[in-house]
Amino acid sequence: MSDTPSAPVPAPYDPATLEPRIQRQWAEQGTNQARLDDPARKFYALMMFPYPSAEGLHVGNLFAFTGSDISARYHRLLGYDVFQPLGYDAFGIHSENYALKVGAHPMELTPRNVANFQRQLERAGLMVDWRQKVDTSRPDYYRWTQWVFLRLLERGLAYKKQAAVNWCPSCKTVLANEQVEDGACERCGAAVAQRELEQWFFRISAYAERLLANLDWLDWSAITKQAQRNWIGRSEGAQLEFAVAGHDARVTVFTTRPDTIFGATYLVLAPEHPLVGAITTAAQRAAVEAYQARTRQQDLVTRKTTREKTGAFTGAYATNPATGAPIPVWIADYVLMEYGTGAIMAVPGHDARDFDFAQAFGLPVARVVAAPGEAPDAPLAEAFEDDAGGRLVNSGPFDGLPVAEAKGAVTAWLAERGAGRAVVNYRLHDWCISRQRYWGPPIPVVYCDGCGTVPVPEAQLPVALPFLADFKPDDSGVSPLARDAAWFRVPCPRCGAEARRETDVSDTFLDSAWYFLRYPSATDAGAPFDGARTRAWLPVDSYIGGNEHAVLHLLYSRFITMVLHDMGHLAFEEPFTRFRAHGMIIREGAKMSKSKGNVINPDQYMDQWGVDAFRMYLMFLGPYEEGGDFRDQGISGVRRFLDRVWASVRDATAEGAADPAVARKLHRTIKKVGEDTATLGYNTAIAAMMEYVNVLRRGERAPHRHEVRPLVQLVAPYAPHLAEGCWALLGETGSVFDAGWPAFDPAQLVDDEVELVVQVNGKVRGKLRVPAGVAEGEALALALADPGVARFVDGAPKKVIFVPRRLLNLVV
RNA sequence: GCCCGGGUGGCGAAACGGCAGACGCAGGGGUCUUAAAAACCCCAGUCCGCAAGGGCGUGCGGGUUCGAGUCCCGCCCCGGGCACCA
């Protein structure tokens, strides 16, 4: 045996003991707490807060959170004061339905689910400042959600109107469009009908242009911005007026094709259009009313997806302002009341829907646009919709004009005759925030016979959600809250007379439309968001979340922020400076779902491999912004890497000469990991660190201390517990997260000697080791002297392409 | 139908217009071991060939270029979102 003293037993990497120890240390030392009051260089890192489902944390949640956490930790290492909060989106129909299903009460169930989530999230080792946690279902939060509602009411942006909803007569509840499948309720299968209810709306449509315009400068994922642009749906066109024969009434239509006015052979109103009753002739009244009734019976989804054309003739005729011809006025459910003016001019020759309708009811089809070389009276077998190369025909003074020019010219011509004007229309409709349900913040309004609609005074907030043993909706279409008489009857805040509370609760999207404002002030009982804190921390520097919220949540948050800005409550009008959408995790090529039984339980993997290995594997699966495919076998590779990092640190010696090749690799790795981490290129950053460790440990080489110390810093955002443990192992004091980010030496990035690829006619025929600065002539001489290259070259090359440091291509 | 993504080894995936397949999984061979595991080292797109070497290769068909996974045109397939929006 050797006579050297036996070395101490080397400590293996053991995440099961290391991770809890490090987490205790972080908690004791307040490592994850932000300097909320006096940040020097603030960085607000936000991730979309979860809905605390009873099933517990989903691997998709953890994928999202880990990606945000890495970014947050990286910024901390760069020297920012990072604030990364998290909370719970705990209100909503989801929780309520689940409670109904299992026969529990949401007030009891929700805290339990939240506690379970909290346990799982804490275990995941996120750098979250838990002091600032929010829970939207708690009165100390929704009190301020109600405050936000009152601000919109004050500003004239909240209003009530009748609106059609999907109604399931069996579940006795309003259904969202997503909950209707083939005209039936997704839960019970009963046929869904329309029902008109008085609902609260927010006038987001008034902000359409601003919400659209700001997208141009926001640093957001391109796909997210595009989704918002599509949703806002700006379209330029004209409103045109049609006089109705024998009536004072004029029908206003919206069209994007005013150029086709000469081809408008009939008008169609939405069945619920207010003019229908007035213009319908006695002879047609029965048919029209039957059709209206039939439309009301239909659910909203079926109405919008059925292509078959139905309708009824009103008996009335309108005058085409361009041709002077009388044209019939119909009603049909393919015209929607909520878009444009709820009425259209039908141009069957140039609109596929109008064409189908005209075919179904034998209405005339006229051609007013022709393709180049096409006869003005060429018959139309289908609608000719192409407006790119077409020119007008059969259009009086406008014949021959290209469509693009005709749009403006026709609009101007009609405007002169008082029959129209250019308008911009948006698809974005107002936000219905009413929910006739239980589990949400009561809308803080009181109805008084004398005073009308009275906002609940701020001092009386919150309007607390009462405990209702029976919170099941009934077929009244009114929220269960109406059944709690003690709660419902309330003195009018203005005159003191007996009055009634609003019984609708608000949409969960309202809870989440302002939660990022609350985090820095989460414990503030006196205001929704403290002025100084808000100035110090907002807007959010980095927001990461799923693109399923590209439209609603993100748009509503922008809207609420704009309104609060306009009212002087906020200094900025866009809440999220940078937004990145992460991808989706699938498993073995298939979407995860409970029914397939392939849902990943994070706890089990964290038990087996450690938290760090699990998070790092999630990040290694593929590009963060695209998602990845979770395969059980793959995680061992990441774990092996962490073992090797640990062993490298443990075996590092303080003395000895550096290996210049290792040093060069280190500096390249620092550069690469920094760049990739900044751009969310986590998978390639991890690969780069693996490459470095492969070089570092080649042949069981014992690394030097200064070769591993920066590695620990690089790996820290990815495997924070391991890095913290390694940092201590290196004898460093304090947290690695206060140690800064290593710098690379640019001089170390350039090699003295490079491998030059030699191609002949684009095919690789040889490789040369040459000095980095070798000249073209010299490289050519060396290449021609190479027998492998010379075989393919006969005589002098016709052309030589030389890319310094990379390649030499000889064309022969 | 429209709008995005994406199609690369056995698998997950890399690749400023310049060596396709980095990194990892699975696989094969080896070192160590009585043995196995672990660890470490090496091999590994595919076809022909004992080898040296060569041919072919990034969904399909064209094009631009000295050179194309990457750029352009036309298709096919998969995933996601929107969808009677006038």
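Proteins come first, then strands; the chains are lettered A, B, ... in the order of their sequence lines, and each starts at number 1. None of these values were measured; they are calculated from a predicted model.
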How many whole angstroms separate atom CZ of A:Arg639 from atom P of B:A38?
14 Å
Side chain of A:Trp231 (C-beta onward), nearest among B:A26, B:A86, B:C82
B:C82
If the C1' atom of B:U8 is compared with that of B:A68, how far apart are they to the nearest Å?
14 Å
Have a look at A:Ser235 and say if it touches a base, only the backbone sugar-phosphate, or nothing, with a 4.0 Å heavy-atom cut-off.
sugar-phosphate
Name the pairing partner of B:G1, where a pair is Watson-Crick or G-U wobble with both distances under 3.5 Å, or state none.
B:C82
Need one value for A:Asp354: base, sugar-phosphate or nothing, where a base atom within 4.0 Å counts as base even if backbone is also close, heavy atoms only.
nothing
C1' atoms of B:A15 and B:C19, separation to the nearest Å:
11 Å
Could you please name the option among B:C84, B:G67, B:A86 that lies closest to any side-chain atom of A:Asn809?
B:G67
Counting side-chain heavy atoms from C-beta on, which of B:A15, B:C82, B:C3 comes nearest to A:Arg427?
B:C82
Nearest heavy atom decides the nucleotide; on that basis, is A:Gly762 or A:Leu621 closer to the 5' end of RNA chain B?
A:Leu621
Base, sugar-phosphate alone, or nothing: which one does A:Ile801 contact when heavy atoms must sit under 4.0 Å apart?
base
Which nucleotide in the set B:G6, B:A15, B:C40 lies at the smallest distance from any side-chain heavy atom of A:Arg644?
B:C40
Rounded C1' spacing from B:G57 to B:C48 in Å:
15 Å
B:C25 and B:C82: how far apart are their P atoms, nearest whole angstrom?
38 Å
For B:C76 and B:C60, measure between their C1' atoms and round to the nearest Å.
7 Å
note: A:Glu625, atom CD; B:G6, atom P; distance rounded to Å ~ 11 Å
Sugar-phosphate, base or nothing in reach of A:Arg765, heavy atoms under 4.0 Å
sugar-phosphate
Nearest-Å distance once atom P is located in both B:G17 and B:G27
37 Å
State yes or no: are the ring centers of A:Trp330 and A:Phe357 separated by less than 6.0 Å?
yes
If I take atom CZ in residue A:Arg234 and atom P in nucleotide B:C3, what distance separates them, rounded to the nearest angstrom?
20 Å
Searching all strands shown, indicate the nucleotide that pairs with B:C56 (Watson-Crick or G-U wobble; both distances under 3.5 Å).
B:G45
Give me the distance, rounded to whole Å, that separates B:C47 from B:G1 when you measure between the C1' atoms they each carry.
44 Å
Electrostatic pair A:Arg701:A:Glu707 at N-O distance under 4.0 angstrom:
yes
With hydrogens left out and only the distance checked, is there a donor-acceptor pair under 3.5 Å joining A:Lys309's side chain and the base of B:C84?
yes
Can you tell me the distance, in whole Å, between the CZ atom of A:Arg307 and the P atom of B:A86?
13 Å
Tell me whether the side-chain N/O atoms of A:Lys767 come closer than 4.0 Å to OP1 or OP2 in B:C19.
no
Upstream residue (5' side of RNA chain B) when A:Tyr617 and A:Leu807 are each assigned their closest nucleotide:
A:Tyr617
Ring centroid separation A:Phe641 to A:Phe620 under 6.0 Å
no
Interatomic distance where CH2 belongs to A:Trp330 and P belongs to B:A86 [whole Å]
24 Å
Ignoring the backbone of A:Pro623, work out which of B:A86, B:A13, B:A26 is nearest its side chain.
B:A13
Please classify the nucleic acid contact of A:Arg303 as base, sugar-phosphate, or nothing, using heavy-atom distances under 4.0 Å.
base
Under 4.0 Å, heavy atoms only, any strand: does A:Val764 hit a base, just the sugar-phosphate, or nothing?
sugar-phosphate
Can you tell me how the ring of A:His350 sits relative to the ring of A:Phe384, calling it parallel under 30°, perpendicular over 60° and tilted otherwise?
perpendicular
Determine the interplanar angle of the A:Tyr624 and A:Tyr682 rings, folded into 0 to 90°, and report it as parallel if under 30°, tilted if 30 to 60°, perpendicular if over 60°.
tilted
Does B:G67 pair with anything, Watson-Crick or G-U wobble, both distances under 3.5 Å, and if so, with which nucleotide?
none
A:Val811 near the nucleic acid: base, sugar-phosphate alone, or nothing, with a heavy-atom cut-off under 4.0 Å?
sugar-phosphate
At 4.0 Å (heavy atoms only), tell me whether A:Val335 reaches a base, stays on the sugar-phosphate, or touches nothing.
base
Separation of A:Arg701 atom CZ from B:C41 atom P, in whole Å?
12 Å
Between A:Lys225 (side chain only) and A:Leu218 (backbone N and O only), is there a donor and an acceptor less than 3.5 Å apart?
yes
Verify the distance criterion only: is there a donor paired with an acceptor across the side chains of A:Asn694 and A:Arg644 at less than 3.5 Å?
yes
Would A:Tyr426 and A:Ser205 count as having a side-chain donor-acceptor pair, cut-off 3.5 Å?
no
Any chance you could lay out the side chain to side chain donor-acceptor pair (under 3.5 Å) test for A:Tyr266 and A:Asp354, step after step, and finish with the verdict?
CA-CA 9 Å; A:Tyr266 61 100; A:Asp354 299 342; 4.5 Å; no
For B:C56, take OP1 and OP2 only and decide whether either is under 4.0 Å from a side-chain N or O of A:Lys763.
yes
Base orientation of B:G9, chi within 90° of 0 counted as syn, else anti, reads syn
If you check every side-chain atom of A:Arg631, which of B:G80, B:A14, B:G12 has the closest atom?
B:G12
Can you check whether any acceptor in the base of B:C84 is under 3.5 Å from a donor in the side chain of A:Lys304, or vice versa?
no
Length of the OH-C1' vector between A:Tyr682 and B:A22, whole Å:
21 Å
Nucleotide forming a Watson-Crick or wobble pair with B:A39, both distances under 3.5 Å
B:U31
Taking the P atom in each of B:C23 and B:G74, what is the distance between them to the nearest angstrom?
39 Å
With sugar-phosphate meaning primed atoms plus P, OP1 and OP2, does A:Lys591 contact a base, only sugar-phosphate, or nothing at under 4.0 Å between heavy atoms?
sugar-phosphate
Can you find a donor-acceptor pair, distance only, under 3.5 Å between A:Gln759 side chain and B:C19 base?
no
The nucleotide from B:A13, B:A86, B:C84 with an atom nearest the side chain of A:Thr255 is B:A86
Parallel, tilted or perpendicular, as decided by the 30° and 60° cut-offs, for the rings of A:Trp220 and A:Phe579
tilted
Using a 4.0 Å heavy-atom cut-off across all strands, classify A:Asn683 as base, sugar-phosphate, or nothing.
sugar-phosphate
So, OP1 or OP2 of B:A39: does either fall under 4.0 Å of a side-chain N or O from A:Arg697?
no
Using a 4.0 Å heavy-atom cut-off, does A:Glu338 contact any base of the nucleic acid, only the sugar-phosphate backbone, or nothing at all?
nothing
Nearest whole Å is fine: how far is B:G24 P from A:Leu642 CG?
13 Å
Against the side chain of A:Ala687, the closest entry in B:C84, B:C23, B:A26 is B:C23
So what does A:Phe792 touch, heavy atoms closer than 4.0 Å: a base, only the sugar-phosphate, or nothing?
sugar-phosphate
Heavy atoms from C-beta onward define the side chain here; which of B:A86, B:A13, B:G24 lies closest to that of A:Leu336?
B:A86
Closest to the side chain of A:Arg791, out of B:G54, B:G24, B:C56, is B:G54
